[in-house]
Colleague: 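Pasting a structure below so you can have a look.
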Amino acid sequence: MPSKSAPKKSIYERYEQLKNLIRHHDDLYHVKDKPKISDYEYDQLFADLLKMEADNSNLDRSDSPSQRVGGAPIDQFQKVPHRMPMLSLSNSYSTEDLVDFDERVKKFLRLEKDSEEKIEYFAELKLDGLSLELIYENGLLIRGLTRGDGLIGEDVTHNVRTIKSIPLKLKTDTPPALLEVRGEVLIFKKDFLEMNRKNEDLGIALFANARNAAAGTIRQLDPKVASTRPLKFIAYGTGETQGIIFSSQQDITRKFASLGLPVLPESFVTCTSRIEDILEYYAEIEKKRPRLEFDIDGIVVKVNSLTKQEDLGLVARSPRWATAAKFKPEQMETVIEDIQVQVGRTGALTPVAIMAPVKVGGVTITHATLHNQDEINRKDVRIGDTVFVQRAGDVIPEVVSVVLAKRPKNSKPYVVTDSCPACGTTAVKEPEDAVSRCPNPYCDAVLKESIKHFVSRRAMGVEKVGDKIIETFVEKKLVATFSDLYKLNKKSLLELERQGEKSVENILSNIEASKKTTLSRFIYALGIRFVGEQTAKLIADHYGTIEAFLKTTPEELEKVPEIGPKVSAAIIQYLQDKRWQTEIQKLLDAGITFEKPKRSAEGPLAGFSFLVTGTLPVKRDEAQNFIEEHGGKLLSSVSSKLSYLVVGDDPGSKVDKAQSLGVKMISWDELKKLIK
Ligand code: IVH
């Protein structure tokens, strides 16, 4: 019997429409940087999509935005030949080489020096990431390959799908039968520094630079890892194509953009037939380099016309139609005068290169961490070596490579001592740990670092008690535990060199003032392994009093948001240690008291948890304080326990994870509305 109402759209049609709509908003958000709907509205759309998929097992999910969150891990990488080899570029370091390049091109095309015919060049940034090939068949992303050896790549599709700026489906109604897109995978500088900061907090090995972090991520077997890392992709060329014709590099960039593929903004590229313009472009980009959001190592100059590119062909594995002009390295040469092993507050023994002072990017560098023995072996860094140093993410000094030609004859491979340089105790290396650690709880070096942490601004916040004086306290045996700080008196301090009446009074009154603190600061100050500032706050919120926390059980601990078995085990081990039990009691006896934190348990946000990601219209600290002051709780990672993810500009991977878990997302403005 025919139905009276208008024919209802089939589930398939509605599903296709919804996928298209979400793709459209993904593109606006991640590629164009111009979102048109609120995060909340987006979140609703996404939830509808997930529901539709959950209710209808027969829908074709292969191109669905829901596929980004990372499927099952793979066992090993498949080797897949590239249909067209991925070549490399000839490099040059001077602008004269660019002039030579121009002459070579013209000569090869048999153009006279003063010929009327112009060769147009397309110049763009040389991105310092990892090259990647995306294969789209009939508009659908079916595969992602690394460059491999240029002929055979590795299939990393599982990770590529997690990269938000890569469309799973091209934005066109008439997709080409085949489009191979080539480009670079990167991690932006700010995301890289943030990643390392977190790893440092957790005592996990740090990445040497953004490129290594990106490489390490794309070559993970488990896509869950990639889905939580802030990978980005920028397209700059094609491989094999069918059913789409490009006339020039510029045409490639423009068509890519209209297909929804991320490309460099036009303001970063130039198209000109005057080689002088290219030289100017080179100088201009070199100047902008330190302020760019991502690492680049030069510019790439390509003959714009693809017909001419074909005429020019290749020499060996490099095209004649393109060249890279690298920048003078922000790397400088210096000599390693010594390698010293530093002891951290967790006992971690970290080898540090002490170098002849050298200026890199305007800053004088004298020290660079060598991370651990594996890293030293990999680079074969030795005392006396001449090395290149640079600043990773433009900040952290690192040794890039050794100039073997300048190695002294008698040099020996460097082996990190297997005993603590401060106390001589034999170091211990756990299998899952990248570094070895001094296990001696009474080690002076561990003590100095622990006390520096204890008094630091975000912990007990003892003002004007700096590193030097703490080292003196420990060396003069005035302080051997945290609680000894509260026993210091005027007489003993005045005996120390260079301490006048006034400064001694200051020190003592600042120490006294720190006794009034909050439970979370105190827990953070204790320096329990894996308990960072955020975790300490969650613990304090959960238990409310120090007594309740000291009596906790593993089961209770795991009820605290974000605390899993590993952190829980570390806390339990700490709390069961007689030495710490006595120490905490001494601290409490010294008169430490806990004030209620400024945040209220009753505010309009009470009972909800929040995490902030991306750039908000206000400073991160300010946003977090705002949430806490209105009773909200802050979490440090996305989990199903999170009530709201507050999303700012350029948010990164937390958004993916929140989507997959169905966590609500709101903007800063929407958050403020919640208060009203
Ligand atoms: S075009 C014939 N454009 O540089 C190769 N490459 O040695 C054509 N790269 O492995 C490559 N930015 O990973 C091209 N804007 C750019 C690039 C770029 C970085 C890398 C690429 C390639 C290497 C070439």
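As the structure lists them, so they are numbered: ligands from 1, and atoms in each ligand from 1.
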Colleague: Among all protein heavy atoms, pick the one closest to atom 17 (C) of ligand 1 and tell me residue, atom and distance.
Modeller: Tyr236 CE2, 3.4 Å

Colleague: Write out the residue and atom name of the closest protein heavy atom to atom 8 (C) of ligand 1, then the distance separating them to 0.1 Å.
Modeller: Leu89 CD2, 4.1 Å

Colleague: Can you name the one residue among Glu184, Glu124, Gln249, Arg182 that meets side-chain hydrogen bond (donor to acceptor under 3.5 Å, both in side chains) with Tyr236?
Modeller: Glu184

Colleague: For atom 10 (O) of ligand 1, find the nearest protein heavy atom and state the residue, atom name and distance (0.1 Å precision).
Modeller: Ser131 OG, 3.5 Å

Colleague: I'd like to know if Ala322 contacts ligand 1, where contact means a heavy-atom distance under 4.0 Å to any ligand atom.
Modeller: no

Colleague: Any luck finding a side-chain donor-acceptor pair between Arg143 and Thr157 under 3.5 Å?
Modeller: no

Colleague: According to the interplanar angle, ranging from 0 to 90°, do the rings of Phe77 and His158 count as parallel (below 30°), tilted (30 to 60°) or perpendicular (above 60°)?
Modeller: tilted

Colleague: Kindly indicate whether a cation-pi arrangement holds for Lys232 with Phe188, taking the cut-offs as under 6.0 Å to the six-membered ring centre and within 45° of the axis.
Modeller: yes

Colleague: Is it the case that the ring center of Tyr281 lies less than 6.0 angstrom away from the ring center of Tyr121?
Modeller: no

Colleague: Of the choices Lys302, Glu184, Glu124, Gln309, which has the non-hydrogen atom that lies closest to atom 1 (S) of ligand 1?
Modeller: Lys302

Colleague: Say whether Ser88, considering both its backbone and side-chain N or O atoms, lies within less than 3.5 Å of an N or O atom on ligand 1.
Modeller: no

Colleague: Check Leu125 against ligand 1 and report side chain, backbone, both or neither, counting heavy atoms closer than 4.0 Å.
Modeller: backbone

Colleague: Are any of the N/O atoms in Val300 less than 3.5 Å from those in ligand 1?
Modeller: no

Colleague: Is there a side-chain contact (heavy atoms from CB on, under 4.5 Å) between Gln250 and Val269 once you walk through the steps?
Modeller: CA-CA 9 Å; Gln250 199 168 33; Val269 303; over 6 Å; no

Colleague: Around atom 23 (C) of ligand 1, find the nearest protein heavy atom and jot down its residue, atom name and distance.
Modeller: Lys126 NZ, 4.0 Å

Colleague: Is the shortest N/O to N/O distance between Leu127 and ligand 1 below 3.5 Å?
Modeller: yes

Colleague: Can Gln78 and Glu154 be said to form a side chain to side chain donor-acceptor pair (under 3.5 Å), step by step?
Modeller: CA-CA 6 Å; Gln78 293 285 342; Glu154 282 176 329; over 6 Å; no

Colleague: Do Thr615 and Asp649 have a side chain donor and acceptor closer than 3.5 Å?
Modeller: no

Colleague: Need the ligand 1 atom indices (1-based, order shown) with element for anything under 4.0 Å from a heavy-atom of Pro319.
Modeller: 2 (C)

Colleague: Has ligand 1 got any nitrogen or oxygen that is less than 3.5 angstrom from a nitrogen or oxygen of Trp321?
Modeller: no

Colleague: Decide whether a cation-pi geometry holds between Arg289 and Phe327; the criteria are a distance under 6.0 Å from NZ or CZ to the six-membered ring centre and an angle within 45° of the ring axis.
Modeller: no

Colleague: Name the closest protein heavy atom to atom 5 (C) of ligand 1, giving the residue it belongs to and the distance to 0.1 Å.
Modeller: Leu87 O, 3.6 Å

